[in-house]
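What you see below is based on every heavy atom in this structure, not just the backbone, and it leaves out hydrogens, waters and symmetry mates. The chains referred to below are lettered A, B, ... by the order of the sequence lines, with proteins before strands, and numbering in each begins at 1. None of these values were measured; they are calculated from a predicted model.
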Protein chains: 4
Amino acid sequence: MCKLASTFSLRTFSTDEDLVKKRRNHIVQCATKAFTKQGFSQTTMREIAKACQMSSGNLYHYFGAKDEILYSIINTATSLQAECLENFTRDLDSMSPTDALVQLIRKLLQWHDENQDVTLFTYQETKNLPRNARQDIFDSECRIVSLFEKLLRSGIDSGEFTINHPKLMAHTIVTIGHTWALRRWFLRRYWTFETFVNEQTSAILKAVRRDTSAIAGDGSSNEG
Amino acid sequence: MCKLASTFSLRTFSTDEDLVKKRRNHIVQCATKAFTKQGFSQTTMREIAKACQMSSGNLYHYFGAKDEILYSIINTATSLQAECLENFTRDLDSMSPTDALVQLIRKLLQWHDENQDVTLFTYQETKNLPRNARQDIFDSECRIVSLFEKLLRSGIDSGEFTINHPKLMAHTIVTIGHTWALRRWFLRRYWTFETFVNEQTSAILKAVRRDTSAIAGDGSSNEG
Amino acid sequence: MCKLASTFSLRTFSTDEDLVKKRRNHIVQCATKAFTKQGFSQTTMREIAKACQMSSGNLYHYFGAKDEILYSIINTATSLQAECLENFTRDLDSMSPTDALVQLIRKLLQWHDENQDVTLFTYQETKNLPRNARQDIFDSECRIVSLFEKLLRSGIDSGEFTINHPKLMAHTIVTIGHTWALRRWFLRRYWTFETFVNEQTSAILKAVRRDTSAIAGDGSSNEG
Amino acid sequence: MCKLASTFSLRTFSTDEDLVKKRRNHIVQCATKAFTKQGFSQTTMREIAKACQMSSGNLYHYFGAKDEILYSIINTATSLQAECLENFTRDLDSMSPTDALVQLIRKLLQWHDENQDVTLFTYQETKNLPRNARQDIFDSECRIVSLFEKLLRSGIDSGEFTINHPKLMAHTIVTIGHTWALRRWFLRRYWTFETFVNEQTSAILKAVRRDTSAIAGDGSSNEG
DNA sequence: CATGAATGAGGTTTCATTCAT
DNA sequence: TATGAATGAAACCTCATTCAT
């Protein structure tokens with residue numbers, strides 16, 4: 001829905017596209033580890049190079065600058081997440097909106113459980129990207145919100161859900177996913193992944209299911 | 001409840017406590033602006049000094065290092081937030097748990113609305129602090145979660161609420177507050193503060209109010 | 001005899017050992033000149049870099065800190081001195097202790113005549129080194145004292161010398177060497193190198209040669 | 001004999017001469033301790049001020065710069081040493097040159113034993129003084145050498161001593177004094193003060209007493 | 001394609017000295 | 001006379017980036 005062509009480009013000196021893809025992948029994998037441990041600013045190109053078992057000069061054959069690696073990590077992760085959830089959604093077509101929602105929430109949380117570092121990292125380091133690079137990331141996040149929004153709207157249509165602002169609820173669900181990654185220092189102390197999934201799912205369902213007792217919203221909304 | 005003595009200390013060369021307090025305050029104010037614009041790592045001490053209309057040397061009379069300024073910003077904000085909410089809670093003693101909860105949620109969101117920069121900043125830069133400094137921040141956050149937890153438990157006692165894991169719900173509420181600050185690039189595009197408050201409050205109430213239809217949690221919990 | 005492994009280590013970013021050795025040598029040469037002119041503290045890394053015709057950043061590929069350059073100068077000089085005298089001693093095996101002593105004293109003084117700057121420098125700047133670095137220097141000095149001590153003891157054994165505290169006499173000889181470098185502002189005003197060598201040699205011989213008229217020492221000594 | 005008016009002057013803002021003298025004395029005492037612990041360059045004016053229980057601004061009422069304190073320490077010590085030995089010499093008039101020499105050597109070594117720090121300090125930090133300040137120090141040292149030289153010459157006149165270069169021997173004796181302070185890390189490990197005094201005295205006497213067996217010096221000398 | 005030595009601008013921090021109080 | 005807050009130049013050191021090999 002809001003998928004845009006990437007507006008931030010990566011420099012390379014190589015013309016062998018396959019090699020470029022392979023090397024960039026490798027660098028992104030290794031740099032993620034290094035960045036997660038120490039933060040973007042505190043990690044030097046030398047350290048990244050060592051983590052990649054490459055010379056630092058060679059990094060510059062595949063990325064034009066340190067920034068571009070950062071962008072690539074965050075953008076790759078966010079795009080993959082969007083893609084992963086989009087694919088997953090396709091398999092839910094036959095389910096009821098409620099069941100589909102439960103499944104998608106679990107999938108979302110699973111993704112963040114498996115990619116905790118990148119989620120945290122995205123929150124912390126996106127600000128270090130130039131404006132147009134940031135836009136790409138935001139676009140991917142919009143795609144993910146949209147997935148939930150569509151599901152919620154189909155539930156409204158089917159009469160299962162009552163929601164004043166489905167896009168807002170979609171966004172809230174997405175941020176609950178983030179929370180599992182961002183606040184692990186707190187959450188992991190008390191609850192297992194299963195407990196967290198079940199409790200949050202339960203709360204969301206209570207909030208969206210047909211019900212007449214809601215405190216009225218003010219009705220104002222810019223939602224399209 | 002989990003208020004601990006600060007474990008991270010600030011160096012100063014001055015012995016005039018009032019002056020130290022005044023200058024530190026001033027520096028914290030100005031540095032916050034500078035950091036929010038450009039991020040911690042990208043902001044130089046020279047820039048901070050200029051923002052404070054001080055010589056860079058003089059900064060070091062009131063803070064021992066750049067780190068200490070960062071800590072001071074985050075710690076001051078988080079402590080003040082905890083204190084502010086704790087004070088506010090005292091005025092809610094006479095209300096029903098439901099009403100008190102509604103009020104406290106609004107207060108929490110108001111705080112984040114007025115201190116968006118610091119909230120975002122806390123998420124992004126806490127990792128740049130040494131471990132013991134980070135602990136201080138976490139402690140303040142625990143205090144805030146505890147406020148909500150106590151309220152929820154009193155609602156359970158009074159029979160108004162049904163909640164499996166009150167601490168988790170408290171935590172969820174707290175992160176909804178963060179969300180208003182962290183995701184303003186998204187939220188502000190579509191909704192006003194009022195809408196956001198009302199909708200989130202409504203969703204939370206639906207989730208906590210006496211109700212027998214919950215999807216069962218797994219029952220396992222480390223919550224005390 | 002008291003040769004120990006070095007306890008103070010030098011950082012480098014390079015793995016090409018030959019290059020490291022070459023560059024360090026070059027830096028040590030140039031830095032020695034700069035330090036001797038202005039003292040360690042008064043010489044900046046930029047000046048050292050300029051003296052080496054290097055960028056200041058590149059210095060840090062071969063030394064981790066200014067300290068390490070200082071250490072390297074002093075340690076290199078002291079080790080080389082010890083080695084030089086040890087090698088020279090080997091050629092004296094066939095001589096009588098008296099003749100050997102005369103030769104070794106001259107060699108010692110020659111070394112200090114040719115390395116006046118480093119000797120002075122060692123006295124002035126060793127205190128700027130960390131404790132373990134200082135230990136390395138002391139060890140080399142012990143080796144030099146030992147050379148003389150062994151010679152004196154062999155003279156005692158052969159009946160040529162009478163000495164109550166051979167180690168102390170050895171030490172005294174070593175410091176006479178230092179004196180030629182440390183007090184040149186005075187000595188050079190009045191005497192040539194030859195005069196100095198001859199006079200000091202003569203005085204030492206008078207002091208060590210079999211003679212029964214010595215003022216008795218107190219006999220107490222920790223000498224092993 | 002070579003007492004010159006001081007060529008390096010100390011700034012003060014005060015006109016109360018007694019106060020100036022008192023304060024300067026105090027500062028010199030305290031600064032010596034501080035410098036000895038950490039070296040001149042590594043000691044800050046703030047630390048000196050704290051050691052003096054003064055404000056750093058006030059230091060500048062009595063000394064114009066950090067250099068001037070350094071100069072004052074070294075110059076005071078060296079002058080006092082010269083004066084002390086000169087006074088002591090007056091009491092030796094009635095003795096034989098040999099006895100007087102023995103007494104004066106002991107006095108010299110006693111001084112260095114009691115003022116080890118300043119001796120070491122003088123060697124290490126004199127280079128940090130401007131040329132004309134350095135001259136003052138050298139002059140005091142000349143006075144001390146002269147004392148011994150006069151004594152040696154009177155011994156030659158009386159027929160007790162045979163010395164080719166009395167000034168050189170005088171200088172050697174003076175440096176033996178320095179050695180006790182400079183090389184305490186070595187000497188103290190093995191010998192007591194008494195042993196050191198006795199042994200060195202004995203060696204010196206052997207070297208200066210009428211004797212025909214000396215290796216001939218080359219006879220060349222600039223000694224006046 | 002790959003290396004890693006070299007660059008040098010610019011970062012944080014220190015500290016001798018001044019000057020208003 | 002005494003204070004100590006303020007200054008700002010300059011110190012050490014880092015590190016993204018380039019380029020000869």
Side-chain angles (χ1 to χ4, degrees), chain A residues 12-16 19-20 23 41-50 53-69, chain B residues 11-16 19-20 23 41-49 53-67 69, chain C residues 11-16 19-20 23 41-49 53-69, chain D residues 11-16 19-20 23 41-50 53-69:
Chain A
T12 178
F13 289 141
S14 169
T15 50
D16 178 343
L19 184 62
V20 170
R23 288 273 193 280
S41 296
Q42 272 61 46
T43 307
T44 69
M45 288 300 270
R46 212 197 297 272
E47 286 167 323
I48 299 173
K50 180 177 275 180
Q53 292 181 290
M54 265 184 187
S55 70
S56 61
N58 203 21
L59 287 177
Y60 285 85
H61 283 73
Y62 303 102
F63 288 101
K66 202 185 170 193
D67 267 1
E68 295 186 9
I69 301 180
Chain B
R11 191 197 72 186
T12 178
F13 287 139
S14 171
T15 50
D16 178 343
L19 184 64
V20 170
R23 288 276 187 278
S41 296
Q42 274 62 44
T43 306
T44 70
M45 288 301 274
R46 258 190 272 274
E47 286 168 324
I48 298 173
Q53 292 183 289
M54 266 185 185
S55 68
S56 61
N58 203 24
L59 284 179
Y60 286 87
H61 281 64
Y62 303 103
F63 288 102
K66 204 184 170 192
D67 264 4
I69 301 181
Chain C
R11 191 198 71 185
T12 178
F13 286 140
S14 171
T15 50
D16 178 343
L19 184 64
V20 170
R23 289 277 187 278
S41 296
Q42 274 62 45
T43 307
T44 70
M45 289 301 273
R46 252 192 274 275
E47 286 168 324
I48 298 173
Q53 293 182 291
M54 265 186 186
S55 69
S56 62
N58 203 24
L59 284 178
Y60 287 88
H61 281 63
Y62 303 103
F63 288 103
K66 205 185 171 191
D67 265 5
E68 295 187 7
I69 301 180
Chain D
R11 193 197 73 188
T12 178
F13 289 141
S14 169
T15 50
D16 178 343
L19 184 63
V20 170
R23 288 274 192 279
S41 297
Q42 273 62 47
T43 307
T44 69
M45 288 300 272
R46 211 197 297 272
E47 287 167 323
I48 299 172
K50 181 177 275 179
Q53 291 181 291
M54 265 186 186
S55 71
S56 61
N58 203 21
L59 287 177
Y60 285 85
H61 283 72
Y62 303 102
F63 288 102
K66 203 185 169 192
D67 268 1
E68 295 186 8
I69 301 179

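The two residues A/E47 and A/Q42 have their closest heavy-atom pair at OE1-O, 3.6 Å.
Proximity of D/S55 to the phosphate of F/dG4: no side-chain N or O atom is located under 4.0 Å from OP1 or OP2.
B/L19 comes within contact range of the sugar-phosphate backbone alone, with a heavy-atom separation under 4.0 Å but no base atom that close. Residue contacts shown for C/F63 are absent, as no nucleic acid heavy atom lies under 4.0 Å away.
Boundaries of the chain D contact region on DNA chain E are E/dC15 to E/dT18, first to last in 5' to 3' order (nucleotide atom under 4.0 Å from a heavy atom).
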Contact string for nucleotides 9-16 of chain F, one letter per nucleotide 5' to 3', B = base within protein heavy-atom range under 4.0 Å, S = sugar-phosphate only, - = neither, reads BBSBBBBS
Distance-only donor-acceptor pairs under 3.5 Å for side chains of residues 55-65 of chain C, two or more places apart:
{"residue": "C/S55", "atom": "OG", "partner": "C/N58", "partner atom": "N", "Å": "3.2"}
{"residue": "C/H61", "atom": "ND1", "partner": "C/G57", "partner atom": "O", "Å": "3.4"}

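A donor-acceptor pair under 3.5 Å links the side-chain atoms of C/K66 to the main chain of C/T43, judged by distance alone.
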In dot-bracket notation, what is the pairing pattern of DNA chain F, taking Watson-Crick (N1-N3 plus N6-O4 or O6-N4) and G-U wobble (N1-O2 and O6-N3) contacts under 3.5 Å, with [ ] crossing and | for other strands? .||||||||||||||||||||
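Using a 4.5 Å cut-off on side-chain heavy atoms (C-beta onward), D/I69 and D/M45 make contact.
Annotation: side-chain hydrogen bond (donor to acceptor under 3.5 Å, both in side chains) contacts of C/S14 (sequence neighbours excluded): none.
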